[in-house]
Amino acid sequence: MDSRKTKTKQSRKPAVIHGMEEDQVIQAFETLAMTLNIEVRYEKGDFRSAMCRVGEENLIILQKDADPIKKINVFAKEFSNIKLDDIYVVPALKSIIQEAKDNENSVPEEK
């Protein structure tokens with residue numbers, strides 16, 4: 001018999017952010033992107049996840065293997081730069097986007 005131990009990938013409990021699980025937040029951001037005609041792509045590679053424009057098309061490109069919290073942070077940062085007053089945004093997303101906006105506008109303290 002083989003006495004080697006197999007490594008199992010440890011699963012972690014998804015974080016709850018403003019009352020929604022990580023996957024729900026990501027799905028809600030994807031829906032918001034679709035509403036705004038922004039394509040979301042998950043790609044492999046060594047790059048910084050962000051929103052960009054290719055021709056007439058707006059894209060949010062995310063690293064496929066990134067941690068869900070990192071994906072949420074990218075969505076929040078990118079949507080914090082878009083005027084969303086005229087469309088319905090899930091309240092939890094509004095809070096996450098506002099936090100990103102507040103963090104972006106805060107001045108780091110000098111040491």
Side-chain angles (χ1 to χ4, degrees):
M1 294 185 87
D2 194 357
S3 62
R4 289 183 281 163
K5 293 182 181 178
T6 58
K7 290 185 180 181
T8 58
K9 193 173 186 178
Q10 290 184 352
S11 61
R12 63 174 182 78
K13 186 176 179 182
V16 176
I17 306 162
H18 293 281
M20 297 174 72
E21 288 189 5
E22 296 167 340
D23 292 344
Q24 293 172 316
V25 174
I26 291 170
Q27 187 173 13
F29 271 126
E30 290 170 348
T31 301
L32 178 59
M34 191 180 346
T35 301
L36 296 168
N37 293 320
I38 300 170
E39 182 181 347
V40 177
R41 290 188 190 171
Y42 294 93
E43 303 285 343
K44 288 185 179 183
D46 185 22
F47 60 92
R48 187 171 157 248
S49 298
M51 182 154 50
C52 63
R53 188 171 178 94
V54 178
E56 295 296 314
E57 189 174 11
N58 291 312
L59 303 168
I60 294 178
I61 303 176
L62 299 157
Q63 287 189 332
K64 187 175 188 173
D65 299 330
D67 182 78
I69 296 297
K70 287 182 182 179
K71 292 176 185 174
I72 291 168
N73 288 334
V74 170
F75 277 124
K77 179 183 174 286
E78 297 303 341
F79 284 117
S80 72
N81 297 316
I82 298 174
K83 185 176 181 256
L84 300 171
D85 299 335
D86 298 335
I87 61 169
Y88 175 77
V89 179
V90 177
L93 290 190
K94 277 186 181 180
S95 297
I96 295 167
I97 293 167
Q98 186 60 50
E99 284 178 12
K101 197 177 286 190
D102 293 345
N103 290 336
E104 190 173 277
N105 293 331
S106 66
V107 178
E109 295 180 21
E110 288 188 39
K111 292 184 180 181

Linking I/L/V/M/F/W/Y whenever their side-chain heavy atoms sit closer than 4.5 Å, directly or via other members, would [X] and [Y] fall into one cluster?
X: I69; Y: V16; result: no
X: V54; Y: F47; result: yes
X: L62; Y: L59; result: no

Output the distance between atom [atom1] ([X]) and atom [atom2] ([Y]), rounded to the nearest 0.5 Å.
X: I97; Y: S80; atom1: CD1; atom2: OG; value: 7.5 Å
X: L93; Y: F29; atom1: CG; atom2: CZ; value: 4.5 Å
X: E78; Y: I61; atom1: CD; atom2: CD1; value: 11.0 Å
X: M34; Y: E30; atom1: CE; atom2: CD; value: 8.0 Å
X: I60; Y: E39; atom1: CD1; atom2: CD; value: 10.5 Å

Kindly indicate whether the side chain of [X], heavy atoms from C-beta on, has any atom under 4.5 Å from the side chain of [Y].
X: F75; Y: I96; result: no
X: I82; Y: M51; result: yes
X: H18; Y: E99; result: yes
X: I38; Y: F79; result: yes
X: L36; Y: L84; result: yes

[X] side-chain N/O to [Y] backbone N/O, donor-acceptor pair under 3.5 Å:
X: E22; Y: I17; answer: no
X: Q24; Y: E21; answer: yes
X: K64; Y: R41; answer: no

Item to check | Over 12 foreign heavy atoms within 6.0 Å of CZ, R48 | outcome: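 Incorrect, the count does not exceed 12.
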Item to check | For the student: nearest non-hydrogen atoms of M20 and A92, plus distance | outcome: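 Shortest heavy-atom contact: SD-CB, 3.4 Å.
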Next on the checklist: For a quick test of reading the model, state the closest non-hydrogen atom pair linking G45 to Q63 and the distance between them.
Outcome noted: O-NE2, 3.0 Å
Next on the checklist: As a quick check of understanding, evaluate side-chain contact (heavy atoms from CB on, under 4.5 Å) for V90 and L32, giving each step before the final call.
Outcome noted: CA-CA 9 Å; V90 177; L32 178 59; over 6 Å; no
Checklist entry - Yes or no on side-chain hydrogen bond (donor to acceptor under 3.5 Å, both in side chains) for D23 and Q27, after CA distance, side-chain angles and deciding distance? => result CA-CA 6 Å; D23 292 344; Q27 187 173 13; over 6 Å; no
